[in-house]
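Reviewing the structure listed below.
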Amino acid sequence: MLNIILMGPPGAGKGTQATHLVDKFHLPHISTGDMFREAIAKKTPLGLQAQAIIARGDLVPDDVTCALVKERLSQDDCAKGYLLDGFPRTIPQAEALEKMGEEIGRPVTLVIDLEVPEAELIRRISGRRVCPKCGASYHIDTMKPKVEGICDRCGAELIQRKDDNAESFKTRLDNYYKSTQPLVDFYKAKGLYKCFDGTKPLQELLGEISAELEALK
Ligand code: AP5
């Protein structure tokens, strides 16, 4: 079963790869970042709680994030697998996910880590434009939409994320090194970890990741 985690620092290309992989492998795309942004847009209690945390680049508390993912993984469309994007991000979240996997009979089968140097992350984040409707990601220089400012997939107007500024990015990167990078050893010890060069062109990287997923089917 394809029970997949996509991890990597902010701007590594998780969302970009996920968008293509879920179409190709017919998996539900579970992005905690997208779920929080949707809650913020709808002004739900979760959104109101998460708004300021996300804007400054900090992590939403583990208990809140884990409850959200647990509920999502219990839905019917995850019965044949899932693609988690941006979760887990801390050791307690990874431990909680192990429990969830046992409970629903769908343990993680592969962890894909996208490695990208810091200078390239900064370049990507500062030029990123996103679709607020379908979550697709573009870049003003290197991944332009067909029509400037408009999403190729759903036609919505592209925006710049509130946390895509220098100060929030620094906090996000610090949090990544402190809280998320320890997951590399956690998953290596379980034989689930596979690292990819995230600086490769989108289609080439997609091909490499797809080959890995095909082998798991
Ligand atoms: P989240 O939305 O997950 O943000 P993130 O991890 O910071 O990652 P990004 O979305 O910024 O980058 P990405 O890796 O998806 O890159 P993308 O594909 O867009 O989380 C946001 C916030 O929510 C967190 O900061 C936190 O507050 C909270 N949160 C979420 N999950 C949480 C959790 N588990 N626990 C606690 N809090 C949580 O690509 C970036 C750019 O690069 C784009 O412009 C793209 O076009 C370009 N690009 C992509 N691939 C390539 C390529 N191969 N070559 C060249 N350019 C490329």
Side-chain angles (χ1 to χ4, degrees), residues 5-21 29-40 46-47 49-70 72 83-94 96-97 112-117 119-132 134-145 151-152 158-165 167-181 183 196-209:
I5 293 173
L6 254 182
M7 65 175 280
K14 303 181 292 295
T16 303
Q17 289 296 323
T19 307
H20 294 275
L21 290 168
H29 178 195
I30 305 178
S31 158
T32 39
D34 285 350
M35 289 159 94
F36 288 133
R37 280 185 287 276
E38 195 184 326
I40 290 169
L46 171 69
Q49 183 185 358
Q51 189 160 23
I53 299 173
I54 291 182
R56 65 174 184 263
D58 276 324
L59 293 178
V60 177
D62 286 339
D63 56 343
V64 176
T65 309
C66 290
L68 188 70
V69 174
K70 188 173 180 180
R72 182 64 187 87
L83 183 75
L84 283 165
D85 161 4
F87 180 92
R89 242 176 240 245
T90 64
I91 294 284
Q93 289 183 13
L97 178 62
I112 294 166
D113 189 11
L114 302 180
E115 217 172 41
V116 177
E120 173 64 4
L121 296 175
I122 293 168
R123 189 197 70 79
R124 288 185 183 184
I125 289 287
S126 55
R128 172 166 60 181
R129 297 294 180 271
V130 295
C131 174
C134 75
S137 195
Y138 301 88
H139 191 279
I140 51 169
D141 298 320
T142 47
M143 278 196 197
K144 296 180 183 178
C151 179
D152 291 345
L158 303 179
I159 57 159
Q160 185 164 28
R161 265 170 49 176
K162 283 215 168 69
D163 56 346
D164 278 353
N165 60 72
E167 204 179 327
S168 301
F169 175 73
K170 189 185 174 308
T171 307
R172 285 155 67 194
L173 200 59
D174 287 348
N175 281 326
Y176 174 78
Y177 291 130
K178 194 175 84 194
S179 304
T180 310
Q181 225 172 27
L183 295 179
F196 289 84
D197 177 357
T199 64
K200 289 191 175 170
L202 190 157
Q203 289 299 335
E204 189 181 340
L205 182 58
L206 183 64
E208 288 181 9
I209 297 175

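Start at 1 and go down the list; that is how both ligands and their atoms are numbered. A quick note: this is a predicted structure, and the numbers were derived from the prediction, not measured.
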shortest atom 54 (N) of ligand 1-to-protein heavy-atom contact is with Arg124 NH2, 3.3 Å
Within a reach of under 6.0 Å around CD of Glu167, are more than 12 heavy atoms found that belong to other residues, nucleotides or ligands? no
Which one of Arg172, Lys14, Met7, Arg161 has a non-hydrogen atom at the shortest distance from atom 10 (O) of ligand 1? Arg161
Does Tyr176 reach the side chain of Gln181, with side-chain heavy atoms less than 4.5 Å apart? yes
Taking all non-hydrogen atoms of both residues, which atom of Gly11 and which atom of Leu121 are closest, and how far apart? C-CD2, 3.6 Å
Is the shortest heavy-atom distance from the side chain of Arg124 to the side chain of Val116 under 4.5 Å? yes
With a cutoff of 4.0 Å, is Gly8 in contact with ligand 1, counting heavy atoms of the residue only? no
Looking only at distances, please establish whether an N/O atom of ligand 1 is found under 3.5 Å from an N/O atom of Thr142. no
Under 4.0 Å to a heavy atom of Gly198 - the qualifying atoms of ligand 1, by number: 53 (N)
So which bit of Thr65 gets within less than 4.0 Å of ligand 1, heavy atoms only: side chain, backbone, both or neither? side chain
What atoms in ligand 1 come closer than 4.0 Å to a heavy atom of Ala12? 14 (O), 16 (O)
Salt bridge present between Asp174 and Lys178 (N-O < 4.0 angstrom): no
Note: Asn175 and Gly57 closest approach over all heavy atoms is ND2-O, 3.1 Å
Note: ligand 1 atoms sitting under 4.0 Å from heavy atoms of Gly15 are 13 (P), 15 (O), 18 (O)
Less than 4.0 Å between a side-chain N and a carboxylate O, is that true for Arg37 and Asp34? yes
Mind checking whether Pro88 has an N or O less than 3.5 Å away from an N or O of ligand 1? no
Does CD in Glu120 sit with more than 12 non-hydrogen atoms of other residues, nucleotides or ligands closer than 6.0 Å? yes
Go through the steps for Asp62 and Thr65 under the test side chain to side chain donor-acceptor pair (under 3.5 Å), then give the verdict. CA-CA 5 Å; Asp62 286 339; Thr65 309; 5.6 Å; no
Using a strict 4.0 Å cut-off to heavy atoms of Leu202, name the atoms of ligand 1 that fall inside it. 53 (N)
Any Pro61 heavy atom less than 4.0 Å to ligand 1: no
Taking His20 for its side chain and Leu202 for its backbone only, find out whether a donor-acceptor pair lies under 3.5 Å. no
Is Tyr176 touching ligand 1 with its side chain, its backbone, both, or neither, if touching means heavy atoms under 4.0 Å apart? neither
Considering only heavy atoms from C-beta outward, does the side chain of Ile40 approach that of Ile54 to under 4.5 Å? yes
Heavy-atom proximity to atom 46 (O) of ligand 1, picking from Gln93, Arg123, Met143, points to Met143
Can an N or O of Arg128 be found at a distance shorter than 3.5 Å from an N or O of ligand 1? yes
Minimum-distance protein heavy atom relative to atom 24 (C) of ligand 1: Arg89 NH1, 3.9 Å
Pairwise side-chain contact, Lys144 with Asp152, heavy-atom cut-off 4.5 Å (strictly under): no
Under 3.5 Å between any N/O of Gly57 and any N/O of ligand 1: does that happen in this structure? no
When you measure from atom 22 (C) of ligand 1 to every protein heavy atom, which one gives the shortest distance, and what is it? Ile54 CG2, 4.0 Å
Could an N or O of ligand 1 be found under 3.5 Å from any N or O of Gly13, whether backbone or side chain? yes
Purely on distance, is any nitrogen or oxygen of Asp164 under 3.5 Å from one on ligand 1? no
N/O separation below 3.5 Å, Ser137 to ligand 1: yes
Do any nitrogen or oxygen atoms of Asp58 lie less than 3.5 angstrom from nitrogen or oxygen atoms of ligand 1? yes
Show the atoms of ligand 1 that are less than 4.0 angstrom away from any heavy atom in Arg37. 2 (O), 21 (C)
Can any side-chain N or O of Arg129 pair as donor or acceptor with the backbone N or O of Leu158 at less than 3.5 Å? no
Given Leu205, which partner from the list Asp197, Leu114, Thr199 fulfils the side-chain contact (heavy atoms from CB on, under 4.5 Å) test? Leu114
Would you say Pro201 has any N or O atom under 3.5 Å from an N or O of ligand 1, going by distance alone? no
Nearest non-hydrogen protein atom, atom 12 (O) of ligand 1: Gly11 N, 2.9 Å
Thinking salt bridges, do Arg128 and Asp164 make one under a 4.0 Å N-O criterion? yes
Taking the minimum heavy-atom distance to atom 44 (O) of ligand 1, which of Tyr138, Phe169, Phe36 ranks first? Tyr138
Using a strict 4.0 Å cut-off to heavy atoms of Ile125, name the atoms of ligand 1 that fall inside it. 11 (O)
Short list, please: which atoms of ligand 1 are under 4.0 Å from a heavy atom of Thr32? 30 (C), 31 (N), 32 (C), 34 (N)
